[in-house]
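To keep things clear, I will list the structure first and then write my remarks on it.
Heavy atoms only: backbone and side chains are in, while hydrogens, waters and symmetry mates are out. Source: prediction; values computed, not measured.
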Amino acid sequence: MTAPVLAEGETLRATFTPDRLTYWRAHLIMAVVLGAVVGLWLLWQGNPYPVMGPIGAALAIAARAAYVASEALTDLWYLTSHRLIGPRGLTVPRAQIKAARPFLGSVQVTTITGDRHLIKYLAAPAADAARLTQALR
């Protein structure tokens, strides 16, 4: 995504960029947790090869992570003096933003109407949520 086109008098306050290490760490955690769940489920079912569940889960999640990485790691978010600009044309007026809080490896932005948007795979989600909240004042 290229830098956003700003309206006259609008200034860029912050840019939120996904972190590659956080992206891969999140998928590794997902693979371990889901692999354990599938392995335990196969044990409970009496499967003679329960190790295949974790292996299959890890391979599936690794394939998905590799396939989606090029898109997920280019999703940039911009906070301007007037709005929050997200990927694929998402625009939220600053006056509509109610809260920003860290949520796992992301920042969850909640609007006055109850819509929620995730700024995903941030290296320091708590610091970015604080920076977003501070910029909204």
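- A donor-acceptor contact shorter than 3.5 Å links the side chain of Y23 to the backbone of A65.
- Using a distance-only test at 3.5 Å, with no hydrogens or angles considered, no donor-acceptor pair links the side chain of T111 to the main chain of I97.
- Residues L21 and W24 are members of separate hydrophobic clusters, defined by side-chain heavy-atom contacts under 4.5 angstrom among Ile, Leu, Val, Met, Phe, Trp and Tyr.
- In terms of heavy atoms, L118 sits closest to W77 at O-CZ2, 3.4 Å.
- Other residues sharing a hydrophobic cluster with I55 under the 4.5 Å side-chain heavy-atom criterion for ILVMFWY residues are Y49, V51, M52, L59.
- The side chain to side chain contact (heavy atoms under 4.5 Å, CB included) search around A36 returns none, not counting sequence neighbours.
- Put simply, the side chain of Y121 never gets that close to the backbone of S106: no donor and acceptor are under 3.5 Å apart.
- Smallest separation of non-hydrogen atoms from L104 and P125: O-CG, 3.7 Å.
- Side-chain heavy atoms closer than 4.5 Å link hydrophobic residues (I, L, V, M, F, W, Y) into clusters, and following such links, possibly through other members, connects L90 to I119.
- Side-chain atoms of L132 and V109, non-hydrogen and from C-beta on, do get closer than 4.5 Å to each other.
- The stretch residues 9-23 participates, sequence neighbours left out, in these salt bridge (charged side-chain N to carboxylate O under 4.0 Å, His left out) pairs: E10-R83.
- Considering all non-hydrogen atoms of both residues, P18 and A72 come closest at CG-O, 3.5 Å.
- Residues meeting the side-chain hydrogen bond (donor to acceptor under 3.5 Å, both in side chains) test with H117, sequence neighbours left out: none.
- The structure places CG of L122 at 8.5 Å from CZ of R131, a figure rounded to the nearest 0.5 Å.
- Scored by the side-chain hydrogen bond (donor to acceptor under 3.5 Å, both in side chains) test, D115 finds T113 as partners (sequence neighbours excluded).
- Scored by the ring pair (Phe, Tyr, Trp, His ring centres under 6.0 Å) test, F16 finds no partners at all (sequence neighbours excluded).
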